[in-house]
*Asks:* 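Before I ask anything, here is the structure I am working with.
Residue numbering restarts at 1 for every chain, and letters A, B, ... go by the order of the sequence lines.
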Amino acid sequence: MQYLWRTPGSRTTPEEASPISPSPLVIRDLTVAYHRKPVLWNVDYVAPPGGLIAVVGPNGAGKSTLIKACLGLVPKVSGSVEAFGRPIDKQRRLIGYVPQRESVDWDFPVSALDVVAMGRYGKIGWFRPVSRAHKEAALHALERVGMADFAKRQIGQLSGGQQQRVFLARALAQEAQLYFMDEPFAGVDAATERAVLHVLRDLDAAGRTVICVHHDLQTVADYFDHVLLMNTRVVAHGTVSRTLTPELLARTYGGQPVPFTEAAR
Amino acid sequence: MIPAIMDEAWRILTFQAGFNSAVVVAGTAALGLAGGTVGTFLLLRRRALVSDALSHATLPGIAIAFLIGAALGLPGRSLPLLLAGAVASGVLGLLTIQALVRHTRLTEDAAIGAVLSVFFGLGIVLLSLIQNLELGGQAGLKTFILGQTAAMAQGEAVGIGLLAAAAAAAVALLFKELRVLAFDPGFAAVQGWPVARLDLLLMGLAALVTVIGLQTVGLILVVALLIVPPAAARFWTDRLSTLTVVAALIGALSGWLGATLSALLPKLPAGAVIVLVAGAIFLVSFLFAPARGLVAVALRQARLRLDFAERRALSVLLGGGSVKGMLGAWLGLRGFVRTGTLTERGREAARAAERNRRLWDRFLTDYPTLIPAHVNWGVDPIDDVLPVDMVRMLEERGAS
């Protein structure tokens with residue numbers, strides 16, 4: 001059970017140490033470098049089954065890179081990632097993904113419904129067009145984020161928050177077991193924040209696991225059950241109540257002022 | 001003279017000017033169709049310039065293939081051999097770009113520029129060498145640079161037609177896969193689509209169009225058949241399926257008209273004529289397309305500004321002020337003003353504008369978070385945008 005080995009200094013709550021069923025996500029000894037400069041260093045992590053997990057750390061801590069490395073979108077220097085007991089690239093059907101909104105060209109000639117229907121492509125398979133049943137599933141996903149009225153609209157005509165909800169709906173349409181979300185709360189309006197939160201709670205209630213890069217320390221405790229504190233390496237992880245302590249936050253943010261205190265002024 | 005040319009043009013356009021010219025026109029139209037179809041996805045995947053490098057990189061391959069053919073003693077120039085050479089060196093150019101981007105810190109545009117110019121330079125040098133060797137058949141090699149529709153034989157035109165149909169069919173079959181690849185390759189990869197191989201396939205289709213277009217349009221300008229039709233089509237639509245079809249039609253139209261023109265004016269290089277026709281269609285689209293064209297956008301902007309100016313002027317008049325100049329004249333034309341005072345219609349319009357402004361104000365104050373959900377808030381009449389009960393609520397609040 002090599003993955004139960006921890007980097008020195010990381011803390012584990014006892015109930016996580018021996019997962020009963022295969023954990024939704026097991027990261028072992030993951031190191032990623034851009035041009036010889038490590039961005040992730042020896043990351044080991046075992047996600048608890050079910051639950052909402054926030055990945056928290058300062059800018060440049062490698063939070064997005066962690067998600068992308070898990071998904072195979074950036075090359076690894078070393079390490080392995082397993083989902084539900086098998087290598088993650090053998091479990092594509094079980095994985096949902098919400099990338100950062102800025103990662104695509106929103107002038108692209110597709111409607112909101114077209115984008116959400118992309119979540120179904122994995123189920124549709126090669127060559128076949130999107131059938132009516134899959135379009136309905138996509139429309140249902142749009143309804144869940146309160147965007148059904150905008151299904152036919154070209155995505156460039158949506159506000160930033162609405163675009164974020166379209167991405168969320170696309171992930172819902174994937175009907176996955178394990179979701180990776182890259183800053184779904186970044187720069188959104190209040191209505192979108194509520195919609196995203198609503199979806200997160202739904203997924204949690206349905207027993208799904210959501211791993212979510214989150215930048216706002218103020219809301220971590222309200223939105224998430226678990227937290228993974230990181231700064232290039234894993235500093236600590238566990239339940240929010242045990243892990244989000246001033247001492248561990250100070251270690252995560254190093255010499256930088258902790259935005260927690262700044263935000264709570 | 002002029003009627004004679006018009007008559008000739010009509011006969012070529014309608015495939016009545018003899019079998020050979022009909023074949024050339026049909027072949028070139030098929031090429032344009034394939035270019036528009038494949039080009040749509042190249043453009044959206046931001047690979048347009050890579051395909052330019054690809055086409056320029058074919059030249060050394062053509063020259064080397066010619067030399068090999070001469071060394072083997074093949075009679076004249078063998079087209080399949082030349083095209084095989086073109087594909088080989090074009091692909092080599094592509095791989096060089098990929099290697100440069102992956103293994104060095106060069107950005108893609110620098111890699112494209114370097115590969116394009118070096119390969120093309122090598123090709124030119126080889127061509128000059130061949131000319132000095134005084135082998136037979138080298139005169140035809142230059143047509144690969146600028147293109148010549150007249151050089152198209154019947155069998156070649158049929159070949160072009162088949163290959164173009166295959167390229168268009170491949171895009172139709174892989175429409176969904178190419179859409180997700182072009183929009184969000186990261187998401188496509190997470191879903192398990194082989195992104196690298198799909199990219200390779202797309203570049204393969206671009207290479208196919210390039211190679212079958214070499215003779216007709218020439219390697220310098222063949223990229224225009226991939227870029228210009230979809231770029232022009234983008235002004236007409238916001239739907240990918242429509243965009244692909246319109247781009248294919250614009251490509252086919254360019255090929256058809258261009259080949260006809262170049263048959264009428266045999267001294268001009270065919271490739272340039274075809275590309276200029278495509279360019280003319282682009283210009284018309286850019287200026288006059290109703291969805292995103294320059295004139296339509298400018299008109300909508302002007303209309304919006306006039307709307308606001310008119311509302312402001314009406315409210316000034318309602319408050320007992322006066323409006324002079326162009327705007328006063330405009331209000332007169334609209335029947336809102338006569339001899340400096342509001343008419344009954346004007347008074348009505350002014351009250352409606354006042355109410356609209358007041359209610360939008362109220363909405364903005366009470367529901368600031370709902371604003372982004374309404375794209376035309378504040379501009380369109382509030383009754384057209386918001387539900388009836390919401391408007392009634394705002395009215396009641398505004399009164400209190």
Side-chain angles (χ1 to χ4, degrees), chain A residues 35 68 70-73 88-93 95-100 103-105 107-111 114-115 117-130 146-147 149-150 153-162 167 170-171 174 176 180 182 188-194, chain B residues 40-41 43-46 102-105 169-198 230 233-247 291-292 367-377 387:
Chain A
H35 294 293
K68 287 183 183 151
C70 285
L71 294 168
L73 296 178
I88 196 163
D89 55 340
K90 300 267 193 300
Q91 302 278 44
R92 295 289 181 198
R93 292 294 153 78
I95 309 296
Y97 179 37
V98 179
Q100 279 184 19
S103 64
V104 302
D105 168 21
D107 192 42
F108 202 87
V110 285
S111 68
D114 289 334
V115 172
M118 287 177 191
R120 310 293 297 177
Y121 285 8
K123 293 189 198 308
I124 298 170
W126 284 96
F127 308 125
R128 270 181 250 160
V130 184
M147 287 284 296
D149 291 344
F150 298 89
R153 197 164 291 187
Q154 198 260 327
I155 51 172
Q157 296 168 15
L158 302 173
S159 72
Q162 290 170 335
F167 262 9
R170 182 178 67 173
Q174 290 184 276
F180 291 89
D182 204 342
V188 301
D189 53 283
T192 300
E193 187 162 344
R194 277 195 302 277
Chain B
T40 299
F41 289 92
L43 202 69
L44 292 172
R45 184 77 180 100
R46 298 172 189 273
R102 189 169 301 164
H103 300 299
T104 71
R105 292 197 176 196
V171 169
L173 198 62
L174 288 166
F175 190 75
K176 156 175 121 281
E177 288 78 2
L178 291 173
R179 165 155 61 188
V180 69
L181 172 79
F183 175 62
D184 193 346
F187 184 81
V190 169
Q191 234 179 13
W193 298 104
V195 165
R197 264 177 285 166
L198 281 171
R234 189 66 186 89
F235 289 106
W236 296 88
T237 177
D238 271 335
R239 280 173 56 94
L240 184 57
S241 47
T242 318
L243 179 69
T244 314
V245 171
V246 173
R292 296 161 67 105
Y367 303 97
T369 57
L370 286 182
I371 289 289
H374 294 282
V375 170
N376 290 333
W377 75 269

*Asks:* Tell me whether B:Gln191 contacts the main-chain N or O of A:Met118 through its side chain, where contact means a donor paired with an acceptor under 3.5 Å.
*Replies:*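 Answer holds: yes.
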
*Asks:* Under 4.5 Å, counting heavy-atom pairs only, tell me which of A:Phe108, A:Tyr97, A:Phe180 racks up the most with chain B.
*Replies:*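 Most heavy-atom pairs under 4.5 Å with chain B: A:Phe108.
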
*Asks:* Under the 6.0 Å and 45° cation-pi test, does A:Arg170 pair with A:Phe167?
*Replies:*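 Yes, A:Arg170 and A:Phe167 form such a contact.
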
*Asks:* Give, as side chain, backbone, both or neither, the part of B:Phe187 having an atom under 4.5 angstrom from any heavy atom of chain A.
*Replies:*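 Interface part for B:Phe187: both.
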
*Asks:* With respect to chain A, which residue among B:Thr237, B:Leu243, B:Val180 yields the maximal number of heavy-atom pairs within a distance under 4.5 Å?
*Replies:*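 Among B:Thr237, B:Leu243, B:Val180, the one with the most close pairs to chain A is B:Val180.
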
*Asks:* Return each pair, listed once, that meets side chain to side chain donor-acceptor pair (under 3.5 Å) where at least one residue sits in residues 121-130 of chain A; pairs must be two or more places apart or across chains.
*Replies:*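 As it turns out, the side chain to side chain donor-acceptor pair (under 3.5 Å) pairs with a partner in residues 121-130 of chain A, which skip direct neighbours, are A:Tyr121-B:Arg179.
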
*Asks:* Tell me whether A:Gln91 contacts the main-chain N or O of A:Ile88 through its side chain, where contact means a donor paired with an acceptor under 3.5 Å.
*Replies:*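 No, the answer is negative, given that no donor and acceptor are paired below the 3.5 Å cut-off.
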
*Asks:* Top residue by heavy-atom pair count (under 4.5 Å) with chain B, among A:Ala171, A:Gly156, A:Gly119?
*Replies:*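 The residue among A:Ala171, A:Gly156, A:Gly119 with the greatest pair count is A:Gly119.
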
*Asks:* Would you find a donor on one side and an acceptor on the other, under 3.5 Å apart, between the side chain of A:Arg93 and the backbone of A:Gly122?
*Replies:*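 Yes: the side chain of A:Arg93 pairs with the backbone of A:Gly122.
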
*Asks:* Sort B:Ala182 into side chain, backbone, both or neither according to what part of it lies under 4.5 angstrom from a heavy atom of chain A.
*Replies:*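 Answer is both: backbone and side chain atoms of B:Ala182 are under 4.5 Å from chain A.
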
*Asks:* Between the side chains of B:Ser241 and B:Arg239, does any donor sit under 3.5 Å from an acceptor?
*Replies:*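 On atom types as modelled, these side chains qualify, holding a pair under 3.5 Å.
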
*Asks:* Strictly below 4.0 Å, N to O, side chains only: are A:Arg153 and A:Asp114 in salt-bridge contact?
*Replies:*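 Judged by the 4.0 Å cut-off on N to carboxylate O distance, A:Arg153 and A:Asp114 do not form a salt bridge.
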
*Asks:* So what's closer than 4.5 Å to chain B heavy atoms on A:Val115: side chain, backbone, both or neither?
*Replies:*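 Looking at A:Val115, just its side chain touches chain B.
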
*Asks:* In terms of heavy-atom proximity below 4.5 Å to chain A, should B:Leu178 be classed as side chain, backbone, both, or neither?
*Replies:*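 Neither part.
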
*Asks:* Does any backbone or side-chain atom of A:Asp89 lie under 4.5 Å from a heavy atom of chain B? Answer side chain, backbone, both or neither.
*Replies:*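 Neither part.
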
*Asks:* Side chain, backbone, both or neither: which part of A:Ile155 has an atom under 4.5 Å from a heavy atom of chain B?
*Replies:*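 Side chain only.
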
